[in-house]
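Below: the structure, in structure tokens.
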Amino acid sequence: MRSTNKTELSKSAEEEKKIEEDVFREIAGQSYTMEQVLNKCKISATYPGRGIPIMLLGPSGVGKSMLAEKIYLYAKQQRMILEDAPYIVLNCADYANNKELLSSILFGYKKGAFTGANKDTQGLFEKANNGYLLLDEVHRLPPEGQEKLFRYIDTGMVNPLGDGSGGKS
């Protein structure tokens with residue numbers, strides 16, 4: 001029988017705790033390919049600054065939404081975002097037939113931008129600031145919305161409806 005010292009015990013307990021705390025544990029499995037995907041997600045979530053935007057692709061039902069939530073939990077676990085940071089989900093397909101409404105929900109709007117716009121209103125990008133925003137079915141964004149989305153990804157600037165100033169960050 002081999003004796004173990006305190007250092008070995010604390011090291012293995014530390015490693016076990018790390019494994020238990022891994023938010024990706026239940027989806028990692030034994031797949032080398034999935035391990036590579038998860039490593040990329042971890043790098044994206046912990047990249048200095050605002051992190052790196054992630055686009056999850058795949059057929060319906062493969063777990064993209066679940067993976068997005070795990071990435072959010074991982075960012076919290078790594079203290080890249082605050083414990084109470086928002087996690088907001090929007091299914092863009094729900095608004096595919098009303099492009100202006102979708103844009104106003106995502107990017108907000110200025111008072112007077114349209115009938116009924118009685119005050120400046122934040123969009124989901126601003127509401128999710130310092131947290132995560134999952135845009136499900138993002139391909140349903142109209143071209144103008146895609147342009148605003150790419151601008152936000154590139155610069156962090158939001159351009160609400162009715163704002164002629166070029167946006168704010």
Identify the heavy atoms of [X] and [Y] that sit nearest to each other, and give their distance.
| X | Y | value |
| --- | --- | --- |
| Cys92 | Glu137 | CB-O, 3.3 Å |
| Leu102 | Arg140 | CD2-O, 4.4 Å |
| Lys148 | Asn159 | NZ-O, 3.4 Å |
| Gly145 | Phe107 | O-CZ, 3.8 Å |

Under 4.5 Å between side-chain heavy atoms, counting indirect links through other Ile/Leu/Val/Met/Phe/Trp/Tyr residues: same cluster for [X] and [Y] or not?
| X | Y | value |
| --- | --- | --- |
| Phe150 | Ile52 | no |
| Met80 | Ile153 | no |
| Met34 | Ile27 | yes |
| Tyr95 | Tyr109 | no |
| Tyr87 | Ile54 | yes |

Pairwise distance CE(Met157) to CG(Asp163) - rounded to 0.5 angstrom: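 Output value for this atom pair is 9.0 Å.
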Reported CG-to-NZ distance for the pair Leu141 and Lys99, which is rounded to 0.5 angstrom: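 Result: 11.0 Å between the selected atoms.
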Pairwise ring-ring contact (aromatic ring centres under 6.0 Å, His included) hits with a residue in residues 33-61, at least two apart: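 As it turns out, there is no ring-ring contact (aromatic ring centres under 6.0 Å, His included) pair with a partner in residues 33-61 once direct neighbours are skipped.
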Non-neighbouring partners of Tyr152 that pass side-chain contact (heavy atoms from CB on, under 4.5 Å), sequence neighbours left out: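 If we apply the side-chain contact (heavy atoms from CB on, under 4.5 Å) test to Tyr152, skipping adjacent residues, the hits are Arg50, Phe125, Val158.
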Exceeds 12 heavy-atom contacts within 6.0 angstrom, atom CD of Glu147: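 Check fails, neighbour count at 12 or below.
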Using a 3.5 Å cut-off and no angle test, enumerate the donor-acceptor pairs between side-chain atoms of residues 128-136 and protein atoms at least two apart in sequence or in another chain.
none

Side chain to side chain donor-acceptor pair (under 3.5 Å) involving Ser104 - partner list, sequence neighbours excluded: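 Applying side chain to side chain donor-acceptor pair (under 3.5 Å) to Ser104 gives none.
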Show me the donor-acceptor pairs, under 3.5 Å and distance only, between side chains in residues 56-76 and residues at least two apart or in other chains.
| from | atom 1 | to | atom 2 | distance (Å) |
| --- | --- | --- | --- | --- |
| Lys64 | NZ | Gly58 | O | 2.9 |
| Lys64 | NZ | Pro59 | O | 3.0 |
| Lys70 | NZ | Glu26 | OE1 | 3.2 |
| Tyr72 | OH | Ala85 | O | 2.5 |
| Lys76 | NZ | Glu83 | O | 3.2 |

Derivation and outcome, side chain to side chain contact (heavy atoms under 4.5 Å, CB included), residues Leu161 and Glu100: CA-CA 8 Å; Leu161 288 176; Glu100 290 301 313; 3.5 Å; yes
Listed once per pair and sorted, the salt bridge (charged side-chain N to carboxylate O under 4.0 Å, His left out) pairs that draw on residues 33-49, sequence neighbours left out: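 The answer is Asp22-Lys42.
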